[in-house]
Structures are given as C-alpha cells and as structure tokens.
Amino acid sequence: MRPKAPHLAYRPTLVTDALTTSSEVDRLVEKVENEISSRTGQQLRIRARNDQGEETTFTALKSDFDGAHARVAKTPSIATPPGGRILKQVQFGYLKSDGFRAVVPLQYLVLNSENQVLEYGAGSDNALSAFHQNLIGRALSKAELKRIEDLNGKLLSDLRADPAARAKLREFAKSRGWNLKTLEPMLERSGLAYFDAEHFNLHEWRKKNGYSIKEMRDAGWMKISFNSAGEPSFSVDRIDGIRIPYHTKNGRIPIWRTRNTGHRFPKLPKYLGWPTDRAIDREFSVAEKLYQSELLEGARGKTVVITEGEFKCLIATQETGVITVGIPGISQFDSDIASALIDSGASEFVVILDRDAKGKALLRTDGISDSERAAYQIAKSLETAALAQKQNHIKIRIGLLPPGPAGEKLGIDDLILKVGPKPFLDTIKSAESSSDYAKNLGLDENFMELARRRSISRKALGEIQALREKAPLTPAMSQTASTLRFLNKELDRTFLTYLDHEFSGARSLSQVDARYGSISSISEVPNGRKKTLTRGAENAPVKVGKSYVDVESFTGDLAFLDYATIEAKGERCFPVPCGTTPYTTADLREAFSSGNLSGSLASDFEQGLKLADENGFVPQSFQDYLTVLSAGHVSEIFPAEEYGYVFEGQLKDSGRAAHLPLFIAKKDSGRAVAFIRMHTEEASTSNSRKQFEEIYQWIRER
C-alpha cells in the first residue's frame, strides 16, 4: 500500500552511527538561530497578473526592490524596458500552510529583463507604508511595548468590570464545570476576560482612554485592511471569546490569546494566538511563551508540572496547589523555556500532556500519538538544559494520565473536574523517567533523537534559504549551510532507511500505523471538484459535528481497518491484516436472527446503534448489522466525542459511484481518518476484495 523507500543497506548500528557523525548539528543550528529574526522564516510573496491576464506568483525579495522608485500612483511613469514587463493587480502577502494570505495591494510593478523592480505604485501612502513595513520589517521601541502592556492591562480590567462581559465569562466558566466556590479568586488571579465587539464598543473605549488606532492594532485589538484601490480601513477583531492574558513576573500583560467560544466563528480553531502585526520584528520572552511563568518565582524546591493549554494550568494550580505551567501547543516548547524552568530552582519537573484517544496513535506510523511523542521530547529538552546548567540533581519525569471513560481525549482540567484531583496527583507520583517512559511506550530513543536532529537541521536550512533571499550570506554562514546540508543528507538517508526497514516503507512518522493499510499522502483528491460525497437514500450532504465532509476531506493518510470474526483465516483479509473480534460467525448469525446478544457482542452492538441512530441509519440486512457492530467495536479507538461516524456514504463522479458502508471523520475539521469494514469467515473473499479495491482505486483515480 505504501511506496517503498529506495533500497538502502540496513544494519543495527545505522542510527547510532548517524548520531555519532551528526553530533555537531545542535551547535550549527544554534549559530543559524542567532542570525534569525522572528520574521525571517515568513515567506513573502507577490501575486499579480501580466498583460495577458495570466496570474503569476513569486517570492518577494528585499533585494529585488533595491533602488526601485516608489510612487502613490495607478500607472507607471516609465516605459517598459526591453525584455521587461509590467505586472498589475498586485497582491503582497505571505505564503501559509493554508494558501496565500494577502496583506496589502500594489497597483503595478515595472520589472526589467532580470526581474529587478524598477518602479512600483500603491493606491495610498498608507498602502505604500504597509508594504515597506512588511518587506523590511519594523521594530517596536521600549516605550511602544510599555504602552501595549498598559493598554492590555487597562482594557482587560475594564472588560472584567463590565457587567455584560462578566456575566458571559461566568456563563462560560459554568459550562466548563469550574468550581464555583473558587471561581472568583481564580478569575481575578488569572485576569481572564470576555470580549465581544457587538456588546463592548472598542472605538469609544480607545478614544476615552487616549490610545491611537495604531496602538490598538499593535496590541492586537484592531486590524488594518486595504481595498483594491489601496485605501485602508481599521476594524475590530470580531472573534467573540475569552481573552487569556500572559503575565510577566511584575504583573504586566504583554500579550494575550483567545479561547474562541464559536458563537460567531464556529469553524475557527478553539484557541487562537495573539493577532500581532506580521510586519513587526519581535523576539518573545519566556513570559510571553509560557503560561503562568510568573509562578516560577516561588518554585524553588517544589514540583512543577508542565502541560499544554492555559485552562489546564489554572485548574490544576487552583485545585491542587501544584505549580502548573503551560505551553500554547505541544510543539511550542523551546530551549529558552527549558533554561528558564531549570533556573527556577524547582526540585523536579513532571511533563503531563493530554491523554489522546487511541485513534490519534493509530494515525501515526509507529503507533505513538503526537502528545506522547511531544512529552518525551520536552523531557529530553529539560534534561539537556539541566546538564548544560550543571543541575543534574533535578528530577525530570513524564506522567501519563488515565484514559477517558469512553476513550476520549482527556486533559488535566477534564480529569480534575470530572473525578477530583487525586488521579492527577497520582499521575505525578507514578511519573517515569524519560528512558522508562520510552521503553514502556515502545519509543526508540535513538531514533527519536535522529528524528529531532533531522527536523531542526531541515528547519535551519530553510531559514538559511530565507536569509540568502534577503542578502548574500557571510562566509561563515555559507560554511555552516554547507556542513548542515551534508549532515542533513545523512540524517535523511538514515531516517528513511529506518522507516523502510521497521515500518514497511513509510516515508514519515505522520502516516497510518504500519500494521494497517492506508491511502498514503494524497495532498488532494484527483478530480476532486468533479466528485461529490453524499449519504443515505436522500443523497444528503455529509456532516459530522459542526463540520461538513466533502471529497477534499479524503486527503492525507486514511486507515483501512478490516475486522474479522475470531475463526477467520488470514487470506480472507485484504489488503491489510485483520483485526480480530472476540466473537464467532455463529455468534453473529444467532444474534442477528434471534436478537439475543450478550457480553462484548451486546455492548458493541448497543454502542453501534447509538452511532447509527445519530446518522438516521437503520440496519436491515446482515451486512448492515455487521456495519453497526463494527462502529461500536471501534468506538473506543475513535470516541464519538471527537469523531463522527458516517454510514452509507456515496462517492460519486460522472454517474459512477463507490459505496462507503462506514467511514470516520474528525468532528472539529471534517477530515476523514478511517474506513471500517467487518466480515465473517463465510464472507466471499472476492466480493470483499472487490469492494475494498473499488474504494481505494476510486479515491486515487485521476
């Protein structure tokens, strides 16, 4: 099912050999990071149309604009040079993972034959200024940063004092199940505030308190946009939700994040970062990257828990007294945070991230979820910092929360609010060293280190490329780049060889567990716009949770889970190994004909019926019965709290159709993650194979 990696000799010492030869990667990466600003890695792009109306997109380099004449004008003042061209309808912006993000329009560009910009025009001084700031970057002075802190502190305080906003905050807190006895002290200490632009007039507040629109924009409360003519307008951030301030040790508020309540923008993520202007050159401090970092002032000799997410920190600290600090996301732990934690003088650190649903681990090549992997990496980063600071006596351990009652994702706050603080405190007590954690989880520590070095070296090489696009590299940086490229090739080769040998030719860790078949790495569904996805006899649009599922949701890696009765033979499983159920074909026939169910068969069918009822699916045949049963059987792997079950889906294209008896999609995004099938010993192998191949080939068909 997966393309095999190029054949490479495999030997047991391959990974350790690569670790030995790449021992200087960290030193080289550090040299690169010292040259990198917060903006360097952002891909600045130009999108425009030529005289024939054809769209073109290319990287916008600062050097391309050196010496160019800037004007507030709609048409050029110079003639097109020989071999040159004029581009119109110009959009300047950033290339992000979800596509091009326009920031400011230009009216035209005049380029010579070597694509050097000779002249460019914008519709207004404001548009021209915004373009320059994004191209070159702008810094904030200490006075400007202090004004932002003052603005945030004053505005959040006024929001907490506003009766309507306070009522909304309390309503949200109650919906989360927060302890009402300790609610007010926690809200006061945390500084949480509710903001809704429709009920709090930010323009009036700004004028009353003497802040400029620019200051409101720099603090993230307003944003600037331009129309096609280059005329600017400022608007209030309309995302209604909880503003979560990050405090410095002296109580000031440099930044904040947002918990989206979803009333106005349900498709946006639950948690959103501080909406700072991307043109600003700014390095963030630990206080701006680690929630409740101010509590480290009192951490000497104590246990400190590290987790992900602000509310988990608040609940854990409030309900147990254990200092709990948090990163915004599992990939946002860095060496600065690690050093600050070690400097705090705490006697031990325990990393406790969310307990993921089993389905999260299944969707990774090695069967280990992202949270489990991140916990290990954070612990190792702390160990490295402790070693560098000669603080080897500090204990660093990893705790694994118990699973949710229905197998759903579980965080520290969920656990404490549902069953009290004891399981959280027990998790701290039973936490393991990183080595024991890796051993019990099945993590290959050497391979994890190899993957880490490969990741940071690849990122550094990308940053070097961004540096090169802005100015020629220094001789020292050129040498660093050359060495890193050489080492990264060895790391890449070893990484792919390991996956090829250990995980059936997987090309990355972000693929389905190698024990299952999958459609691997489809970036887009071929002919996706011509294909439709519906369900049921009514051909209704497919929806799970609040999200619609369409054919474009069938991208990335999808698992094929084929379940068979306990006596089924292996050759009847195609094209992947069968998952074996605890019941026989005779059990299923008897239960279907008589309705007498018991044991695991009864519990699986009962859960499956609940999922079928939610979809309006009524089983009528024996095969329908098996479909419902298979849904119940995998509900612990894919809990209904996070995943939606779609029965009787139809993929259609120009009169053709492929039948999907059951597939599963994420409720928050609508992305399909797995196809499920159950068959019996007596099922026709050829029919099962044909059905499976039809689905597989249809999605891949161009």
Side-chain angles (χ1 to χ4, degrees), residues 33-42 94 103-104 126 129-160 189-193 195 202-203 205-224 232 234-237 239 242-258 271-297 310 325-329 332 334-337 339-341 343-344:
E33 289 177 344
N34 290 335
E35 297 287 333
I36 301 298
S37 75
S38 59
R39 296 180 61 253
T40 305
Q42 297 176 352
Y94 299 91
V103 174
V104 59
N126 279 302
S129 175
F131 171 74
H132 291 154
Q133 289 174 358
N134 278 273
L135 182 66
I136 300 169
R138 67 184 177 98
L140 295 176
S141 67
K142 289 184 178 179
E144 288 175 314
L145 291 172
K146 183 177 182 300
R147 285 282 287 179
I148 289 175
E149 292 176 350
D150 291 340
L151 188 161
N152 286 333
K154 173 65 175 169
L155 179 49
L156 289 166
S157 177
D158 288 352
L159 284 170
R160 289 195 300 277
R189 180 175 65 79
S190 66
L192 297 178
F195 175 72
L202 208 56
H203 290 286
W205 183 92
R206 176 187 69 79
K207 294 174 183 177
K208 177 182 177 182
N209 289 276
Y211 290 104
S212 69
I213 289 181
K214 176 184 176 299
E215 287 174 322
M216 298 296 289
R217 175 193 173 201
D218 288 347
W221 295 93
M222 288 186 175
K223 57 185 178 182
I224 188 172
F234 288 88
S235 58
V236 175
D237 182 354
I239 298 173
I242 312 300
R243 298 304 193 258
I244 309 169
Y246 277 54
H247 297 92
T248 63
K249 61 183 179 182
N250 57 9
R252 300 182 69 79
I253 303 172
I255 71 164
W256 43 268
R257 295 217 313 148
T258 297
Y271 290 91
L272 300 161
W274 183 45
T276 183
D277 182 353
R278 292 174 68 92
I280 296 174
D281 275 320
R282 179 172 177 181
E283 299 297 331
F284 291 96
S285 68
V286 170
E288 296 162 316
K289 297 187 290 187
L290 184 68
Y291 190 66
Q292 291 200 147
S293 64
E294 69 274 14
L295 298 184
L296 295 177
E297 291 288 300
E310 296 87 359
V325 295
I327 48 178
Q332 293 175 273
D334 60 28
S335 57
D336 290 340
I337 296 174
S339 295
L341 288 167
D343 279 340
S344 72

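Just so we're clear, the structure is a prediction, and the values are computed from it rather than from any experiment.
Nearest heavy atoms, S293 versus A287: OG-CA, 3.3 Å. Counting all heavy atoms, side chain and backbone alike, I255 lies closest to N152 at N-ND2, 4.2 Å. When all heavy atoms of S190 and Y291 are compared, the pair lying nearest together is CB-OH, 3.9 Å. Residue W256 comes nearest to W221 through the heavy atom pair NE1-NE1, 3.3 Å, listed as atom of the first residue, atom of the second, then distance.
Side-chain contact between H247 and I253 is present, with heavy atoms from C-beta onward closer than 4.5 Å. Looking only at side-chain heavy atoms (C-beta outward), L156 and F195 stay at 4.5 Å or farther from each other.
When each of P275, P245, P328 is paired with R257, the side chain to side chain contact (heavy atoms under 4.5 Å, CB included) condition holds for P328 and for no other. Looking at M216, K208, M222 one by one, the single match for side chain to side chain contact (heavy atoms under 4.5 Å, CB included) with H203 turns out to be M222.
Separation of atoms CD1 (I337) and CD1 (I327) is listed at 6.5 Å; rounding is to 0.5 Å. Between atom CG of residue L155 and atom CZ of residue R160 there is a gap of 10.0 Å, rounded to the nearest 0.5 Å. For the atom pair CD1 (I224) and CD1 (I213), the distance works out to 9.0 Å, reported to the nearest 0.5 Å. Separating the CG atom in D336 from the CZ atom in F284 is a distance of 13.0 Å, to the nearest 0.5 Å. Here the CD1 atom belonging to I244 is positioned 6.0 Å from the OH atom belonging to Y271, to the nearest 0.5 angstrom. Atom CG of L159 and atom NZ of K154 lie 11.0 Å apart (nearest 0.5 Å).
Ion pairing between R138 and D218 holds under the 4.0 Å rule for side-chain N and carboxylate O. Taking the charged nitrogens against the carboxylate oxygens, E144 and R282 have no contact shorter than 4.0 Å, which rules out a salt bridge.
When the salt bridge (Lys or Arg N to Asp or Glu O under 4.0 Å) test is applied to R217, the partners found at least two apart in sequence or on another chain are D277. Shown here are the side-chain hydrogen bond (donor to acceptor under 3.5 Å, both in side chains) partners of R252, two or more places apart in sequence or in another chain: E149, D150. Qualifying side-chain hydrogen bond (donor to acceptor under 3.5 Å, both in side chains) partners for S235, counting only residues two or more places apart in sequence or in other chains: none. Among residues two or more places apart in sequence or in another chain, the salt bridge (Lys or Arg N to Asp or Glu O under 4.0 Å) test is passed with D334 by K289. Scored by the side-chain hydrogen bond (donor to acceptor under 3.5 Å, both in side chains) test, Y246 finds E310 as partners (sequence neighbours excluded). The salt bridge (Lys or Arg N to Asp or Glu O under 4.0 Å) test applied to E294 returns no partner, not counting sequence neighbours.
By the 6.0 Å contact criterion, NZ on K214 is enclosed, its count of non-hydrogen atoms from other residues, nucleotides or ligands being greater than 12.
Relative orientation of the W205 and Y211 rings is parallel, given thresholds of 30° and 60° on the angle between their planes.
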For this session: Determine, step by step, whether V286 and L296 satisfy the side chain to side chain contact (heavy atoms under 4.5 Å, CB included) criterion, reporting the C-alpha distance in whole Å, the side-chain angles of both residues, the deciding distance to 0.1 Å, and the verdict.
Result: CA-CA 11 Å; V286 170; L296 295 177; 5.5 Å; no
